[in-house]
Amino acid sequence: MSAPTERLARHLRGASSWHTIEHHPEVTSTNDVAHARVAEGATPGLVVVADRQTQGRGRSGRTWADVTGRSLLSSYLLGVPREDATLIPLAGGLAVVEALRRFGVRPRLKWPNDVLLGDGKVAGILAERYAATGDRPAHVVLGIGINVDWRGVERDETTASWASVAEEADRDVDRFEVLAELLHPLDQWLQAVATSPQRVLGLYRERCATIGREVRVTTADGEVRGRAVDLARSGALVLERPDGAAITVTAGDVVHLRRAG
Ligand code: BTN
C-alpha cells in the first residue's frame with residue numbers, strides 16, 4: 001500500500017459507499033483503471049486516485065491536462081441506477097462545489113458539469129457508462145479532475161483560463177484533503193439521484209451560473225443560442241430562443257455570453 005493509500009484509507013471509516021481507495025503515481029487515466037478493475041471483480045465503491053495521467057480524458061474527446069501532484073485526479077466506480085442516470089454528473093458537480101466550499105471558496109457550476117471559480121474552470125467531470133459484457137456487469141465510471149494547487153504553473157492555450165483552489169483561497173491546499181472533503185458529499189449526492197432527484201435538480205439550479213445567462217451551446221447538431229432558463233427533469237438545459245421558442249439541450253459545450261438584463 002503506498003503512503004497516500006494508507007492515509008486515504010482513514011477516510012473510508014464511517015458510513016459511506018466507498019470501500020477501497022487505490023493510489024497510483026501514474027496511470028493513463030483513472031477512468032481506465034476503474035473500468036479495468038470491473039473485469040477483475042471490483043464492485044461499486046472503488047475509488048482510484050493518481051498523481052499524474054498520461055492520457056487524461058475530458059468531455060467531447062478532449063484531453064484533460066494535469067501537472068504531477070497538483071490536481072486531484074480521481075474516478076469512482078458506480079452501479080447503474082434504475083432511473084435518472086443522466087443526473088449522475090450533476091450530482092458529482094454538486095459534491096465538488098460542497099467540498100471546495102470547505103476551503104473558503106465559492107464555486108459555481110457551468111452546465112452540464114464544469115465547476116468554476118470566477119470565470120475560470122477549477123474542475124471537470126466525465127461520466128462514462130458501460131453496458132454489461134461477458135465479464136463485466138453494467139457500470140458507470142465517474143471521473144473528477146480538480147485543479148488543486150496550480151500556483152506557479154505555466155499555462156498553455158487550453159489551461160490559460162483554468163483556476164485552482166489554492167490560487168483562489170490564497171493558501172496551501174492539499175489534494176488528499178480535498179478528496180477527504182469530497183467523499184462524503186459525493187456519496188450523499190449520488191444516493192440522492194435515486195432517492196430525491198428533485199433535490200439534486202433544485203440545488204443544481206441554485207448553484208448554476210448558466211441559468212439566467214445568454215449562452216451559445218455547441219451540440220452534435222450545430223450551434224444554438226438563447227437564454228438558459230431552467231433544467232429539465234433529466235438535467236438537460238432548457239433555452240429560450242430569441243423568437244421565444246423553448247428548446248432543450250441534452251449535451252453540448254456552453255459559452256456564457258453577456259448577462260441577461
Ligand atoms: C471535462 O471537463 O472535460 C471533464 C474532465 C474530467 C477529468 C477527470 S480527471 C480523472 C478522470 N480521468 C480522466 O481521464 N478524466 C477524468
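We count ligands from 1, going down the list as the structure has it; atoms in each ligand are counted the same way. All values below come from the heavy atoms of this structure, side chains included, with hydrogens, waters and symmetry mates left out.
Residue contact check: S29 has heavy atoms under 4.0 Å from atoms 12 (N), 13 (C), 14 (O) of ligand 1. Counting the atoms of ligand 1 from 1 in the order shown, those under 4.0 Å from a heavy atom of G56 are 14 (O). Remark: ligand 1 atoms within the under-4.0 Å shell around heavy atoms of G58 are 1 (C), 3 (O), 4 (C), 5 (C). Atom numbering of ligand 1 starts at 1 in the shown order; those under 4.0 Å from a heavy atom of R57 are 5 (C), 6 (C), 7 (C), 13 (C), 14 (O), 15 (N), 16 (C). Against a heavy-atom cut-off of under 4.0 Å, D114 is close to the following atoms of ligand 1: 2 (O).
Among protein heavy atoms, atom 10 (C) of ligand 1 sits closest to T30 OG1, 3.2 Å. Taking atom 2 (O) of ligand 1 as the reference point, the nearest protein heavy-atom neighbour is K121 NZ, 2.6 Å. Closest to atom 12 (N) of ligand 1, if we only count protein heavy atoms, is Q53 OE1, 2.9 Å. For atom 5 (C) of ligand 1, the nearest protein heavy atom (residue, atom name, distance) is W64 CE3, 3.3 Å. In terms of protein heavy-atom proximity, atom 8 (C) of ligand 1 is nearest to G145 N, 3.6 Å. From the protein, the heavy atom lying nearest to atom 3 (O) of ligand 1 is R59 N, 2.6 Å.
Ion pair R106/E168 not flagged as a salt bridge, since none of the NZ, NE, NH1 or NH2 atoms sits closer than 4.0 Å to an Asp/Glu carboxylate oxygen. Between E177 and R102 there is no salt bridge, since no side-chain nitrogen of the basic residue lies less than 4.0 Å from a carboxylate oxygen of the acidic one. Using a cut-off of 4.0 Å between Lys/Arg side-chain N and Asp/Glu carboxylate O, D170 and R151 are scored as not salt-bridged.
Residue contacts with ligand 1, taken as heavy atom pairs separated by less than 4.0 Å, involve S74 solely via the backbone atoms N, CA, C and O. At a heavy-atom cutoff of 4.0 Å, ligand 1 is contacted by no atom of D66, backbone or side chain.
If you run side chain to side chain contact (heavy atoms under 4.5 Å, CB included) between L186 and each of V96, I144, L179, only I144 comes through. The side chain to side chain donor-acceptor pair (under 3.5 Å) with D51 is formed by just one residue from the set H24, H23, R70; it is H23.
The shortest heavy-atom distance from R62 to ligand 1 is not under 4.0 Å.
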Query raised in the report: What's the verdict on salt bridge (charged side-chain N to carboxylate O under 4.0 Å, His left out) for E181 and R175, showing C-alpha distance, side-chain angles and the deciding distance?
Result: CA-CA 10 Å; E181 295 295 352; R175 67 206 154 102; over 6 Å; no
**Report entry** Evaluation steps, salt bridge (charged side-chain N to carboxylate O under 4.0 Å, His left out), between E98 and R101
**Finding:** CA-CA 5 Å; E98 195 169 322; R101 285 167 68 97; over 6 Å; no
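At a threshold of 4.5 Å between side-chain heavy atoms, the hydrophobic network of Ile, Leu, Val, Met, Phe, Trp and Tyr places V97 and W189 in one connected group.
Applying the 6.0 Å contact sphere to CD of E26 captures more than 12 heavy atoms from other residues, nucleotides or ligands.
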